[in-house]
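Just below is one structure, and these are the notes that go with it.
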Amino acid sequence: MAAPIKVVVTGAAGQIAYSLLYQVASGAVFGPEQPVYLHLLDIAPMMGVLEGVVMELADCALPLLAGVLPTANPEEAFKDVAAAFLVGAMPRREGMERKDLLSANVRIFKEQGQALDKVARKDVKVLVVGNPANTNAFICAKYAPSIPKENFSAMTRLDQNRAQSQLAAKLGVPVQNVKNVIIWGNHSSTQFPDASNSVVKIGGGEKPVPAAINDDNYLKTTFVSTVQKRGAAVIAARKMSSALSAAKAASDHMRDWFLGSGDRWVSMGVISDGSYGTPRDIVYSFPVTTSNGKWKIVEGLTISDFAREKLDLTGKELVEEKQDALDVCKD
Ligand SMILES: NC(=O)C1=CN([C@@H]2O[C@H](COP(=O)(O)OP(=O)(O)OC[C@H]3O[C@@H](n4cnc5c(N)ncnc54)[C@H](O)[C@@H]3O)[C@@H](O)[C@H]2O)C=CC1
Ligand SMILES: O=C([O-])CC(=O)C(=O)O
């Protein structure tokens, strides 16, 4: 058995963590041969609740769980971690956009970037889940200059999973038969869910999804808006934001980053190098492949005029969010 790796989950007393911790501790993320030492960070008033979570983790009797450290101190939480799930942040309520959380949440990611910079492993892989996720990831990386920017990512995997599931339902196939759907841009209502390059196993063969669905209008309208608005739809129904599906997506994202995405593209918010004419130096969601712990943007895709407009719109929003976040972090 390998030596345990240290993994931190922030917001560990919250909703998403409640589902995520089991997945990490049971081997679903780092594999069935990799023990984990869990560092659980939350704020001081939540330490009592967190104690209950620690008890439940013990009661799960998980063979891969090498130890648990609950703490309210970021420098203790981030010490020597190989993977960081940055979940802890305020969630939105009905009627809010995710960027309305910026002024409340972005300072958390400045402080946590500084702590990661001081005490985490320099090869730590950071996944920002807390909203607005892309811009928080940008700020976190900015305040951790000793760690490569490529090691910071934002979660758009939940959007990808939603998109894949919508297409599979429309086509009447199991969800794993659909692959290579892309989420471009921001984890916000301007994101562009793009099925134009996706393929489906159907009727004993493989087909492009647009040909199999044969309804361009659906792919350009209902499909896009359903995925863009799915988070809001869950909030309207549950009065709380997605948690089970968010935890599953966070596990998928980190697993693929560590263990590889195989022959599938996955969407991750990563630092933009200007690929596909997007603004540089923002955290933008691209189709990537992952292997050996590194991601690589899928190259050479054709961008239609319809897609161009969508890619530009979500990029513009990210440039604006970045400026707002930098203003908040000045004081
Ligand atoms: N990127 C994505 O696809 C998704 C992102 N989210 C976002 O994830 C975040 C967490 O959501 P939930 O778990 O449902 O919220 P929650 O309110 O249930 O839990 C958040 C936890 O974070 C803790 N926290 C607050 N400030 C902290 C700090 N400075 N350090 C450590 N912990 C801190 C809180 O005390 C609380 O226990 C929200 O911002 C939500 O909008 C949610 C779903 C999907
Ligand atoms: O919608 C929200 O506020 C929570 C979230 O990010 C999602 O479910 O995609």
Side-chain angles (χ1 to χ4, degrees), residues 8-21 39-53 70-78 84-116 126-137 139-140 153-163 165 183 185-191 193 226-254 267-269 283 285:
V8 64
V9 176
T10 74
Q15 276 209 89
I16 294 175
Y18 197 67
S19 293
L20 176 60
L21 291 172
H39 288 190
L40 308 183
L41 179 69
D42 211 296
I43 52 176
M46 295 303 283
M47 287 300 108
V49 174
L50 193 56
E51 204 43 55
V53 175
T71 177
N73 177 348
E75 287 192 17
E76 197 179 12
F78 294 145
F85 292 88
L86 302 189
V87 180
M90 190 192 284
R92 67 173 167 153
R93 305 267 173 236
E94 215 166 342
M96 293 170 80
E97 285 295 327
R98 296 184 187 97
K99 65 183 163 196
D100 298 335
L101 296 167
L102 194 144
S103 57
N105 285 344
V106 80
R107 281 190 193 86
I108 297 175
F109 293 86
K110 173 181 176 181
E111 182 195 85
Q112 294 187 352
Q114 288 166 331
L116 282 162
V126 181
L127 166 60
V128 174
V129 175
N131 278 317
N134 299 54
T135 299
N136 288 338
I139 290 294
C140 195
S153 63
M155 190 165 94
T156 52
R157 183 58 172 266
L158 177 52
D159 308 295
Q160 178 195 315
N161 288 349
R162 288 166 172 161
S165 178
I183 304 299
N186 200 1
H187 175 61
S188 76
S189 52
T190 67
Q191 67 177 264
T226 301
V227 177
Q228 286 175 333
K229 293 182 191 153
R230 188 67 159 190
V234 170
I235 294 172
R238 247 170 59 84
K239 309 299 169 209
M240 286 191 293
S241 59
S242 314
L244 185 71
S245 55
K248 160 65 165 55
S251 296
D252 288 347
H253 177 121
M254 197 63 97
S267 290
M268 289 172 63
V283 171
S285 178

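Counting begins at 1 with the first residue of the sequence. Indexing begins at 1, ligand by ligand and atom by atom, following the structure's order.
- The closest protein non-hydrogen atom to atom 15 (O) of ligand 1 is P91 CG, 3.5 Å.
- The closest approach between a heavy atom of Q112 and any atom of ligand 1 is below 4.0 Å.
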Run F109 and V126 through side-chain contact (heavy atoms from CB on, under 4.5 Å) and show every step you take. CA-CA 11 Å; F109 293 86; V126 181; over 6 Å; no
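- Near S241, meaning under 4.0 Å from one of its heavy atoms, ligand 2 places the atoms 4 (C).
- Closest protein heavy atom to atom 16 (P) of ligand 1: Q15 N, 3.9 Å.
- At least one N/O-N/O distance between R92 and ligand 2 falls below 3.5 Å.
- For the ligand labelled ligand 1, residue S242 lies inside the 4.0 Å heavy-atom shell.
- Scanning all protein heavy atoms for the shortest distance to atom 39 (O) of ligand 1 gives M90 O, 2.9 Å.
- Annotation for ligand 1: atoms under 4.0 Å from non-hydrogen atoms of A246 are 43 (C), 44 (C).
- Numbered from 1 in the order shown, with element, the atoms of ligand 1 that lie under 4.0 Å from a heavy atom of V87 read 8 (O), 9 (C), 10 (C).
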CA sep, side-chain torsions, deciding dist, call: L86, V129, side-chain contact (heavy atoms from CB on, under 4.5 Å): CA-CA 6 Å; L86 302 189; V129 175; over 6 Å; no
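- Remark: among candidates I235, N131, N105, the nearest residue to atom 40 (C) of ligand 1 is N131, based on non-hydrogen atoms.
- Neither side chain, S189 nor Q228, offers a donor N or O lying under 3.5 Å from an acceptor on the other.
- Distances from ligand 2 to the non-hydrogen atoms of R162 include at least one value under 4.0 Å.
- Every atom of ligand 1 with a heavy atom of H187 under 4.0 Å away is listed here by number and element: 1 (N), 2 (C), 3 (O), 4 (C).
- Heavy-atom contacts of M46 reach the following atoms of ligand 1: 35 (O), 37 (O) (cutoff under 4.0 Å).
- Counting only distance, with no hydrogens or angles, the side chain of N134 and the backbone of V283 share a donor-acceptor pair below 3.5 Å.
- A side-chain donor-acceptor contact under 3.5 Å links N136 to the backbone of P132.
- The residue D159 has no part lying near ligand 2, judged by heavy-atom distances below 4.0 Å.
- Atom 5 (C) of ligand 1 has V129 O, 2.9 Å as its closest protein atom, hydrogens excluded (heavy atom only).
- Taking any N or O of R98, backbone or side chain, at least one lies under 3.5 Å from an N or O belonging to ligand 2.
- Per-residue contacts place I235 under 4.0 angstrom from the following atoms of ligand 2 (heavy atoms of the residue considered): 1 (O), 2 (C), 3 (O).
- Of the protein's heavy atoms, I16 CD1, 3.4 Å lies nearest to atom 11 (O) of ligand 1.
- Using a 4.5 Å heavy-atom cutoff, the side chains of N131 and R92 are not in contact.
- The side chain to side chain donor-acceptor pair (under 3.5 Å) with S242 is formed by just one residue from the set K248, Q15, R162; it is R162.
- Residues D159 and S267 form no side-chain contact, since every pair of their non-hydrogen atoms from C-beta on lies 4.5 Å or further apart.
- In the vicinity of G14, heavy-atom distances shorter than 4.0 Å reach the ligand 1 atoms 18 (O), 19 (O), 37 (O).
- By the 4.0 Å heavy-atom criterion, H187 is counted among the residues contacting ligand 2.
- Among all non-hydrogen protein atoms, the one lying nearest atom 32 (N) of ligand 1 is G11 N, 3.4 Å.
- Within the listing of ligand 1, atoms 26 (N), 29 (N) sit less than 4.0 angstrom from a heavy atom of I108.
- Atom 35 (O) of ligand 1 has as its closest protein heavy atom D42 OD1, 2.6 Å.
- Set against the non-hydrogen atoms of S242, the atoms of ligand 2 under 4.0 Å away are 8 (O).
- For N131, the heavy-atom gap to ligand 2 drops under 4.0 angstrom.
- Atom numbering of ligand 1 starts at 1 in the shown order; those under 4.0 Å from a heavy atom of A89 are 9 (C), 10 (C), 20 (C), 22 (O), 38 (C), 39 (O).
- Taking 4.5 Å as the limit, every side-chain heavy atom of Q191 sits out of range of all side-chain heavy atoms of S285.
- Of all protein heavy atoms, the one lying nearest to atom 28 (C) of ligand 1 is I43 CG2, 3.6 Å.
- Within ligand 1, the atoms closer than 4.0 Å to a non-hydrogen atom of M155 are 1 (N), 2 (C), 3 (O), numbered from 1 in the order shown.
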